[in-house]
Each structure stands twice: as structure tokens, then as C-alpha cells.
Engineer: 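After the C-alpha cells below, expect a handful of questions from me.
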Amino acid sequence: MQPKIVFTDVDGTLADAHHQPIPADAELIARVIARGVPFCLVSARSPEGLYPFQRTLGFTGPLVCFSGAYVLDEQGRELASRVIPTQDAVGIYDYLRRELPEVCVNTYGFHDWICADRSDPRVRHEEDIVHAEARETEDLLGTFGDRGVHKFLLMGEPDQILAAEKTVAAAYPRLNVVRSSDTLCEIMDGAASKSAGIACLCKHYGVSSDEAIAFGDGYNDLDMLGAVGRSFAMANGVDAVKAAATDVTRWTNEESGVARTLTVLFGL
């Protein structure tokens, strides 16, 4: 049975080694969409970090942002939002700055991204990847008001991030704390997950999760891959993801593994 909806992670999965879209994939994605199959990006990125990716590949569609904390439909309208209340976020931010001084802390909510020092090379690097800009401020209340915060992003060296993941998870067991790479750690509301985002979009389109497929490569994709009927770990994925998925692609992200696998599945 051909899938009725496609979900894919971005970095390390659909993106190349430089975290950019592969232009040659555009035609294949257009063919899938032309068959009435929604093509959905599921990422730790913000909407502003995903819009340029879609534009380069020439398609629009729903987005699961902030690893499931913020879900938008094909017109950019909010379908689901799981936030950390702003007052709680202020306390968490103070804790992160105090207990993890060597780590760069970024705060995201809806369409805002703020940090303490935009000149930090780690922030600059992230801006280059996602083609979006952070704003330099530590005023969470002034930025997010009573809307809440969708995500904290910690940037650091691999040993720092590994330690940060354990430290924050122990201090805030009700939060969802997960590494998205060796140098990045995401912190969201405990109810936020990629699998929840997938469930939201399946309901939106009237599709069973058993009729969905998903592609991923990293630790923060594990719950997503378990939420669909057929899951694909990228050939370049971590071993834990390969063990959890129903399939492993023959090709890496650099080799257009998602597009080439879809070509086989849809007979394109």
C-alpha cells in the first residue's frame, strides 16, 4: 500500500551535510504532492527556519515545528501549541544560565528567537543554517508575554551537551529534554513530541497513522518513527534509530535518501 502522508525530519535527513535543501529533490517532492499526498516537515526548527527550506524546494505544506511543540497547517494557521508558561520559562532560563554557564541558551516561542549574545559564534552558525535571525535580549516576559515559550535550545561542545541533557532532565523531569545532535539539546513542554505533531496532522487530514511513513536520523526522531505504520532510518542515522525503524534507507541524506526512497515507494 502506498503511503497517504509523508513525514520527514530535516537536518541529517532531508537536508544535505550543510543543513541545506538539495534542489534536485524538488521535482520528486512535487510529484508526491501532485498525487494528493501531504509532504510534511517535522523538525526542531522554528517556522522561520523551515519556510526558506520549503521555498527552495518549491512547495508549501504543514509544519511540525520545535519538535512537535508548534504545529501549523498548510496555510500557516495554528493547529496545536504546547508551551512552557512564561513565568516558568523565566525560572528555567535563570537556572540554565546559572548552572550551565558554558552553554549558549536560546529561547524560542511562536515566531520569535532570542538570545543573550547574538555575536556568539554558535548563534551565528545556527543563523547561517536556518536563514533566520535571532534577536538579542534576555527579556522573556517582554518578548513572549503570556503566550509562553515553545523551546529552549542549548548549544555547546558534545561533552557539555551530554552533561546538560542529564542535568536538566533531572532538575525538570516534567519537561521533554532531548539531544537533537551532539552539540544541541532541545527543552520543551513534557507533552510536546514529534509523535504528537504527527498525530495532529494525521487527524487534520483524516489519515490513519498506519497509512503514514516517516524518515529520521537522530535521537529526537525516535518517538516519531514509532508513531507511523512504516518508518525509515537514514543510512547515516545513529544506531539507535536504525534499530527502532522498520526500514533503513539504502542512501544517506547526502545521496537524497528521502527522495530516492519515495521514488521506489511511489513508483515514480
Engineer: Is the ring pair His19/His125 parallel, tilted or perpendicular, if the boundaries are 30 and 60 degrees?
Structural biologist: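 Ring orientation, 0 to 90° scale: perpendicular.
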Engineer: So, Thr137 versus Asp139: side-chain donor-acceptor pair below 3.5 Å or not?
Structural biologist: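 No, Asp139 and Thr137 have no side-chain donor paired with an acceptor closer than 3.5 Å.
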Engineer: Before giving the answer on side-chain contact (heavy atoms from CB on, under 4.5 Å), spell out for Phe7 and Ile213 the whole-Å C-alpha distance, their side-chain angles and the decisive distance to 0.1 Å.
Structural biologist: CA-CA 6 Å; Phe7 296 98; Ile213 63 170; over 6 Å; no
Engineer: Given side chain to side chain donor-acceptor pair (under 3.5 Å), test Thr252 with Asn236 step by step and report yes or no.
Structural biologist: CA-CA 5 Å; Thr252 67; Asn236 54 283; 4.7 Å; no
Engineer: May I ask you to say whether Asp112 pairs ionically with Arg147, meaning some side-chain N is under 4.0 Å from a carboxylate O?
Structural biologist: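 Judged by the 4.0 Å cut-off on N to carboxylate O distance, Asp112 and Arg147 do form a salt bridge.
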Engineer: When hydrophobic residues are tied together by side-chain contacts of less than 4.5 Å, even through go-betweens, does Val10 share a cluster with Phe66?
Structural biologist: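 Linked, Val10 and Phe66 end up in one cluster.
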Engineer: Quick one about His131 and Gln20 (side-chain donor to acceptor, distance below 3.5 Å, no hydrogens or angles considered), yes or no?
Structural biologist: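 On atom types as modelled, these side chains qualify, holding a pair under 3.5 Å.
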Engineer: Is a donor on one side and an acceptor on the other found under 3.5 Å between the side chain of Asp223 and the backbone of Ser195?
Structural biologist: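 Checked: pair present.
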Engineer: Can you name the ring-ring contact (aromatic ring centres under 6.0 Å, His included) partners of Phe215, sequence neighbours left out?
Structural biologist: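 Here the qualifying residues are Phe232.
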Engineer: Are Leu268 and Arg35 close enough, and set up right, to give a side-chain contact (heavy atoms from CB on, under 4.5 Å), and what steps lead you there?
Structural biologist: CA-CA 11 Å; Leu268 299 173; Arg35 292 195 174 194; 3.3 Å; yes
Engineer: Determine whether Val149 and Tyr172 fall in the same hydrophobic cluster, where Ile, Leu, Val, Met, Phe, Trp and Tyr are linked whenever their side-chain heavy atoms lie under 4.5 Å apart.
Structural biologist: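 In one cluster with Val149: Tyr172, yes.
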Engineer: For Ala169, check side-chain contact (heavy atoms from CB on, under 4.5 Å) against everything at least two apart and list the hits.
Structural biologist: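 For Ala169, the residues satisfying side-chain contact (heavy atoms from CB on, under 4.5 Å) (neighbours in sequence not counted) are Val177.
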Engineer: Quick one: are Val241 and Val238 in side-chain contact, heavy atoms under 4.5 Å?
Structural biologist: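 Of all side-chain heavy-atom pairs linking Val238 with Val241, at least one is under 4.5 Å.
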Engineer: Give a yes or no answer on whether the side chain of Asp88 reaches the backbone of Pro85 with a donor-acceptor pair at less than 3.5 Å.
Structural biologist: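 Side chain of Asp88 to backbone of Pro85: no pair is present.
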Engineer: Arg118 pairs by salt bridge (Lys or Arg N to Asp or Glu O under 4.0 Å) with which of Glu138, Glu133, Glu136, Glu126?
Structural biologist: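 One option only clears the test, and that one is Glu133.
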Engineer: Run the side-chain contact (heavy atoms from CB on, under 4.5 Å) test on Ser208 and Glu211 for me, step by step, so that the C-alpha distance in whole Å, both residues' side-chain angles and the decisive distance to 0.1 Å come before the verdict.
Structural biologist: CA-CA 5 Å; Ser208 166; Glu211 299 171 306; 3.5 Å; yes
Engineer: Does the side chain of Thr13 come under 3.5 Å of the side chain of Asp217 through a donor N or O and an acceptor N or O?
Structural biologist: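 Side-chain D/A pair, Thr13 to Asp217: present.
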Engineer: With the side chain counted from C-beta on, respond yes when Leu96 and Phe152 share a heavy-atom pair under 4.5 Å apart, and no when they do not.
Structural biologist: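 Of all side-chain heavy-atom pairs linking Phe152 with Leu96, at least one is under 4.5 Å.
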Engineer: Under 4.5 Å between side-chain heavy atoms, counting indirect links through other Ile/Leu/Val/Met/Phe/Trp/Tyr residues: same cluster for Trp113 and Leu141 or not?
Structural biologist: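 Hydrophobic grouping puts Trp113 apart from Leu141.
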Engineer: Go through it in stages, so that I can follow the logic: the residues are Val105 and Arg97, the test is side-chain contact (heavy atoms from CB on, under 4.5 Å), and I'd like the CA-CA distance, side-chain angles, deciding distance and then a yes or no.
Structural biologist: CA-CA 7 Å; Val105 181; Arg97 295 281 283 164; 4.3 Å; yes
Engineer: Is any side-chain heavy atom of Met155 closer than 4.5 Å to a side-chain heavy atom of Val103?
Structural biologist: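 Counting from C-beta outward, Met155 and Val103 never come under 4.5 Å.
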Engineer: Indicate yes or no: at least one non-hydrogen side-chain atom of Gln54 is less than 4.5 angstrom from one of Leu41.
Structural biologist: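 The answer is yes, as the side chains (C-beta and beyond) meet within the 4.5 Å cut-off.
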Engineer: Should Ser256 and Val258 count as side-chain neighbours, where that means a heavy-atom distance under 4.5 Å?
Structural biologist: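 No - every pair of side-chain heavy atoms lies 4.5 Å or more apart.
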Engineer: Is it the case that the side chain of Glu127 and the backbone of Ala134 share a donor-acceptor pair, with hydrogens and angles ignored and the cut-off at 3.5 Å?
Structural biologist: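 Checking the backbone N and O of Ala134 against the side chain of Glu127, a donor-acceptor pair under 3.5 Å is found.
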Engineer: Does the pair Asp189/Arg174 count as a salt bridge with the N-to-O cut at 4.0 Å?
Structural biologist: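 A salt bridge is absent here (no side-chain N lies under 4.0 Å from a carboxylate O).
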Engineer: Are Tyr205 and Glu74 close enough that a side-chain donor and a side-chain acceptor fall under 3.5 Å?
Structural biologist: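 Yes - a donor-acceptor pair under 3.5 Å links their side chains.
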Engineer: Could you check if a side-chain atom of Arg82 sits within less than 4.5 angstrom of a side-chain atom of Met188, using non-hydrogen atoms only?
Structural biologist: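 Not in contact.
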Engineer: Over 60° means perpendicular and under 30° means parallel, so tell me whether His111 and Tyr51 are parallel, tilted or perpendicular.
Structural biologist: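 His111 and Tyr51: parallel rings.
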Engineer: Do the ring planes of Phe110 and Tyr70 sit parallel (below 30°), tilted (30 to 60°) or perpendicular (above 60°)?
Structural biologist: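 Aromatic pair Phe110/Tyr70 classed perpendicular.
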Engineer: Hey, is the main chain of Ala235 close enough, under 3.5 Å, to the side chain of Lys242 for a donor-acceptor pair?
Structural biologist: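 Checking the backbone N and O of Ala235 against the side chain of Lys242, a donor-acceptor pair under 3.5 Å is found.
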Engineer: With a 3.5 Å distance limit and no angle check, can you tell me whether Asp73 reaches the backbone of Pro62 through a side-chain donor-acceptor pair?
Structural biologist: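 Such a contact is absent between Asp73 side chain and Pro62 backbone.
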Engineer: For the hydrophobic clusters of this structure (ILVMFWY residues joined by side-chain heavy atoms under 4.5 Å, transitively), does one cluster hold both Ile187 and Phe144?
Structural biologist: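 Yes, one cluster joins them.
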Engineer: Atom OG in Ser67, atom NZ in Lys194: separation rounded to 0.5 Å?
Structural biologist: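 With rounding to 0.5 Å, OG (Ser67) is 5.0 Å from NZ (Lys194).
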Engineer: Under 4.5 Å between any side-chain heavy atoms of Phe53 and Val130, yes or no?
Structural biologist: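 Not in contact.
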Engineer: Return the minimal non-hydrogen interatomic distance between Ala212 and Val228, and the atom names on each side.
Structural biologist: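 Distance-wise, the nearest heavy atoms are O-CB, 3.5 Å.
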Engineer: Distance alone, cut at 3.5 Å: any donor-acceptor contact between the side chains of Ser180 and Glu186?
Structural biologist: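 Result is yes, a qualifying pair exists.
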Engineer: Can you find a pair of side-chain heavy atoms, one from Thr8 and one from Val42, that are under 4.5 Å apart?
Structural biologist: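 The answer is no; the side chains never approach within 4.5 Å.
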Engineer: Kindly assign one of parallel, tilted or perpendicular to the pair Phe39 and Phe59, based on the angle between their ring planes and the thresholds 30° and 60°.
Structural biologist: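 Perpendicular: the ring planes of Phe39 and Phe59 meet at over 60°.
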Engineer: Consider only side-chain heavy atoms of I, L, V, M, F, W and Y, link residues closer than 4.5 Å, and tell whether Tyr219 and Leu162 are in one cluster.
Structural biologist: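 Unlinked, Tyr219 and Leu162 end up in two clusters.
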Engineer: Using only atom types and a distance under 3.5 Å, with no angle test, would you say the side chain of Asn220 pairs donor to acceptor with the backbone of Arg179?
Structural biologist: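 No, the answer is negative, given that no donor and acceptor are paired below the 3.5 Å cut-off.
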